[in-house]
*Asks:* 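Okay, handing you the structure first.
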Amino acid sequence: MANYNLLQTIRFPDDLHKLNPVQQKNLCWEIRQQLIRTISQNGGHLASNLGVVELTLALHLVFDLPQDQLVWDVGHQCYTHKILSGRLKEFSALRQEDGLSGFPRPGENQADAFIAGHASTSISAACGLAKAKTLAKDPHHVIAVVGDGSFTGGMVYEAINNAGRSNDRLIVILNDNEMSISESVGAFARYLAEKRTSDSYNRMKDTIEHTVRGIPVIGQRVRDLLSGSKAVFRQALYHSNFFEDFGFDYFGPVDGHDLPLLIQTLTRAKKLNKPVFVHVNTVKGKGYVFAENDPSRFHGVGSFDCVSGELGPAKETFSSHFGKQLLTLAKKDKSICAITAAMRDGTGLSQFAQEFTAQNRFFDVGIAEEHAVTFACGLAAGGFKPVFAVYSTFLQRGYDQLIHDASIERQHVVLAVDRAGIVGEDGETHQGLFDTAFLSNIPGILFYAPCTYAELDYALKQALYQHDGLAAIRYPRGSQLDLPFDLGAPADYLHLKNGGDTLLVTYGREFEQVYQASEHLARRKKPVDVLKLLQIAPIPEVCIQIAKKYRTILFVEEGLRCGGIGEHFMAALAETRYRGRVVLQAIENPFIPQMPVASALQKCGLDTDSLLERLYTLYF
């Protein structure tokens, strides 16, 4: 095989074991080039995937996948795994419609053991899979790969508490990519890891334990004493034996880019047939200088120039505009605080963090949405105005806290719900389609859905200063609508009258499609009126009074049909004894795979052409 033509000539995963060490190293180089080329065209998660190439190859060399099962945490670092599990030919369609998902998907390939799109879940899932193997007398292993960032989520510790005492064949790999490995520390760490994972060391350790156990009467006591002395030594070397306290055997830290050492360590962990914790240090962006130098910027990217490393020009988005507006308000109001759950840049809070971290008014709580909500409630109870900026899909994790801690005692907390609605290429695990249903049912909430930056500004001020309970503002990924007319001063609703007896009701980004449909009908002398809601919960009473005057109503919603705003609207109309016809066009199945937003809207019947077809069928 040519040194740099392995990807195209070997069959995965069968031929991996035929590679010599030089070829293995070359293969890692080729995989990185493939990652850079594909992600530069399709967008995706770059830095994290470049960092786990050697680790992923080692996992595929040591374990018998898919009989052994591999569970990724979050899952955005599984690209190399997709390549090595036989999906190289499809890899160019990564994150594309009808192509490969950017996250593990069991329905896509049997090597994907469990779905992953949210953090801190892998050890729990792996613990269950490993227990299932034990019950079925299956001798294979389950491996969970979890990033250090996921250890800010409490679910990890709930899982460790149960997993370490299970005696199942479970291996947890901590991919620690925040701590660089300097030469001195790296050399010492490698020496320790080599000693602790070598066959000779562990044969000697097992022999001593077996011999000591055989000493009559006092054998167990001697073993316990030796074990205690070893624990003291470990404490001195590693400063913590946290994982061993929970029942794991611990290996590490291991250089995550030293493939022979990784293979040796994982082979030893596999032989133990019990819960093992392997601590691996990796470098985000490894092998691509631009990503190594700025891993945060190259974490999740759109298309970019892979030669120069130049990303596309930054455009103003709802996220960035929200951050600027909150910063402006916070400069005048010292009671405003901002909270993020490890998404400072994604939610537009970078400038706020620079301005107010030193003043202790910006808080990044890590991947801990439940804590973020209750923490915000505590700030509110202390007289501050906390604003928690969070993606819609991740806010799902804090629902109990919203009800129990925010709603019952009516704490004044503002939720900035980013990436609401259809998100596009990130697929079903990241669609923001549940928030309208689960938030609108919380008692006392004030809920807005702006479609322009001016409406976002209005909603934020209303939420902060005209309400004393839980408030939420949802807005989509990307920029404001580019409308052909001025909406005028923002208000809780907008009523556009064209002289028809049919009313189209909608909110948020979907207003663009509804408005275009109304304009099309107006040109064909079939006028319909439009009612655009900015405040979606509680629905303004005046909007119900407006709607009841129409013979037919079509409510159009880029959100969940069951329990969504449309159903609330229809229920309110029913209470007025409305006798006209009402039809709800919303999303039936919210588990929408990766595809462009426009394509998803079309498939859900929410694009202009689909709405026109529905209107002609129903009303004309």
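Both backbone and side-chain heavy atoms feed into the values below; hydrogens, waters and symmetry mates do not.
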*Asks:* To the nearest 0.5 Å, what is the distance between CZ (R419) and OG (S319)?
*Replies:* 4.5 Å
*Asks:* Counting distance only, does the side-chain N/O of N177 pair as donor-acceptor with the main-chain N or O of D148 below 3.5 Å?
*Replies:* no
*Asks:* Taking the side chain as C-beta and beyond, is there a heavy-atom pair between D15 and T9 under 4.5 Å?
*Replies:* no
*Asks:* Side chains of E158 and N161: does their closest heavy-atom pair fall under 4.5 Å?
*Replies:*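 E158 does not reach N161 side chain to side chain.
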*Asks:* Is a side-chain N or O of E292 found less than 3.5 angstrom from the main chain of G287, in a donor-acceptor match?
*Replies:* yes
*Asks:* For a quick check under 3.5 Å, do D418 and T347 share a side-chain donor-acceptor pair by atom type?
*Replies:* no
*Asks:* Run the ring pair (Phe, Tyr, Trp, His ring centres under 6.0 Å) test against H141 and tell me which residues pass, sequence neighbours left out.
*Replies:*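 Result, ring pair (Phe, Tyr, Trp, His ring centres under 6.0 Å) vs H141: none returned.
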*Asks:* Does P275 reach the side chain of S166, with side-chain heavy atoms less than 4.5 Å apart?
*Replies:* yes
*Asks:* With distance as the sole test, does D73 use its side chain to make a donor-acceptor pair with the main-chain N or O of S120 at under 3.5 Å?
*Replies:*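 Yes, D73 side chain to S120 backbone: donor-acceptor pair under 3.5 Å.
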*Asks:* Would one find more than 12 heavy atoms of other residues, nucleotides or ligands at under 6.0 Å from atom CD of Q351?
*Replies:* no
*Asks:* Can you name the salt bridge (charged side-chain N to carboxylate O under 4.0 Å, His left out) partners of K270, sequence neighbours left out?
*Replies:* none
*Asks:* Give a yes or no on whether the backbone of D64 and the side-chain of D68 come within a donor-acceptor separation of less than 3.5 Å.
*Replies:*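 It does hold such a pair.
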*Asks:* Can E428 and R105 be counted as an ion pair, charged N to O under 4.0 angstrom?
*Replies:* yes
*Asks:* Could you list the residues that satisfy ring pair (Phe, Tyr, Trp, His ring centres under 6.0 Å) with F434, not counting sequence neighbours?
*Replies:* none
*Asks:* According to side-chain hydrogen bond (donor to acceptor under 3.5 Å, both in side chains), who are the partners of S296, at least two apart in sequence or on a separate chain?
*Replies:*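 Result, side-chain hydrogen bond (donor to acceptor under 3.5 Å, both in side chains) vs S296: none returned.
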*Asks:* After noting the C-alpha distance and the side-chain angles of H430 and F103, does the key distance pass the ring-ring contact (aromatic ring centres under 6.0 Å, His included) rule?
*Replies:* CA-CA 10 Å; H430 283 60; F103 298 89; 4.7 Å; yes
*Asks:* Using a 3.5 Å distance criterion without hydrogens, assess whether the side chain of T393 forms a donor-acceptor pair with backbone atoms of T429.
*Replies:* yes
*Asks:* Quick one, L349 and F322 - any side-chain contact, counting heavy atoms below 4.5 Å?
*Replies:*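 The answer is yes; the side chains approach within 4.5 Å.
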*Asks:* Please tell me if the side chains of N281 and H279 come closer than 4.5 Å, counting only heavy atoms from C-beta onward.
*Replies:*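 Counting from C-beta outward, N281 and H279 do come under 4.5 Å.
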*Asks:* May I have all residue pairs that pass ring-ring contact (aromatic ring centres under 6.0 Å, His included) and include part of residues 112-136, sequence neighbours excluded?
*Replies:* H118-F394
*Asks:* Taking ring pair (Phe, Tyr, Trp, His ring centres under 6.0 Å) as the test, write out the residues that go with F356, two or more places apart.
*Replies:*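 By the ring pair (Phe, Tyr, Trp, His ring centres under 6.0 Å) rule, F356 matches F352.
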*Asks:* Tell me, with the steps shown, if I173 and L59 meet side chain to side chain contact (heavy atoms under 4.5 Å, CB included).
*Replies:* CA-CA 10 Å; I173 298 174; L59 287 166; 3.5 Å; yes
*Asks:* Could you grab the distance from atom CZ of R87 to atom OG of S101, nearest 0.5 Å is fine?
*Replies:* 9.0 Å
*Asks:* Looking at the rings of H321 and Y475, which for Trp means the six-membered one, are their centres under 6.0 Å apart?
*Replies:*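 No, the ring centres sit 6.0 Å or more apart.
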*Asks:* Would you say that R169 contacts V142 through its side chain, given a criterion of any heavy-atom pair below 4.5 Å between the two side chains?
*Replies:* no
*Asks:* Please name all residues satisfying side-chain hydrogen bond (donor to acceptor under 3.5 Å, both in side chains) with D138, sequence neighbours left out, ordered by chain then number.
*Replies:* K133, H140
*Asks:* Which distance, rounded to the nearest 0.5 Å, do you find between the SG of C78 and the CG of D112?
*Replies:* 6.5 Å
*Asks:* How would you list, by chain and number, every residue that makes a ring pair (Phe, Tyr, Trp, His ring centres under 6.0 Å) with F304, sequence neighbours excluded?
*Replies:* F298
*Asks:* With a 4.0 Å cut-off, would you call R477 and D426 a salt bridge?
*Replies:*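 Yes, this pair counts.
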*Asks:* Run the numbers on F63 and I171 for side chain to side chain contact (heavy atoms under 4.5 Å, CB included), then give the verdict.
*Replies:* CA-CA 11 Å; F63 294 96; I171 298 172; 3.5 Å; yes
*Asks:* Would you find a donor on one side and an acceptor on the other, under 3.5 Å apart, between the side chain of R32 and the backbone of L50?
*Replies:*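 Yes: the side chain of R32 pairs with the backbone of L50.
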*Asks:* Carefully, step by step, assess E54 and Q24 under the rule side chain to side chain contact (heavy atoms under 4.5 Å, CB included).
*Replies:* CA-CA 9 Å; E54 287 85 3; Q24 291 172 354; over 6 Å; no
*Asks:* Find out whether H257 and T282 are in side-chain contact, i.e. whether some heavy atom of one side chain is under 4.5 Å from a heavy atom of the other.
*Replies:* yes
*Asks:* Output the distance between atom OG (S599) and atom CD1 (I422), rounded to the nearest 0.5 Å.
*Replies:* 9.5 Å
*Asks:* Could I get the full list of side chain to side chain contact (heavy atoms under 4.5 Å, CB included) partners for K25, not counting sequence neighbours?
*Replies:* none
*Asks:* Mind checking what makes side-chain hydrogen bond (donor to acceptor under 3.5 Å, both in side chains) contact with Q34, not counting sequence neighbours?
*Replies:* R37, T38
*Asks:* For K284, is there any backbone N or O sitting under 3.5 Å from a side-chain donor or acceptor partner on H299?
*Replies:*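 Looks like no, no N/O pair under 3.5 Å.
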*Asks:* Taking only residues two or more places apart in sequence or in another chain, which ones pass side chain to side chain contact (heavy atoms under 4.5 Å, CB included) with A58?
*Replies:* L259, L262, I263, L266
*Asks:* Under the rule for side-chain hydrogen bond (donor to acceptor under 3.5 Å, both in side chains), what residues qualify as partners of R397, not counting sequence neighbours?
*Replies:*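 By the side-chain hydrogen bond (donor to acceptor under 3.5 Å, both in side chains) rule, R397 matches no residue at all.
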*Asks:* Which distance, rounded to the nearest 0.5 Å, do you find between the CD1 of I83 and the CG of L57?
*Replies:* 11.5 Å
*Asks:* Please check if the side chain of D294 supplies one atom and the backbone of F290 the other of a donor-acceptor pair under 3.5 Å.
*Replies:* no
*Asks:* How close do G149 and I367 get, heavy atom to heavy atom, and via which atoms?
*Replies:* O-CD1, 3.5 Å
*Asks:* Crowded around E316 CD? As in, over 12 foreign heavy atoms under 6.0 Å?
*Replies:*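 It does: E316 CD has more than 12 such atoms within range.
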*Asks:* With distance as the sole test, does Q33 use its side chain to make a donor-acceptor pair with the main-chain N or O of E30 at under 3.5 Å?
*Replies:* no
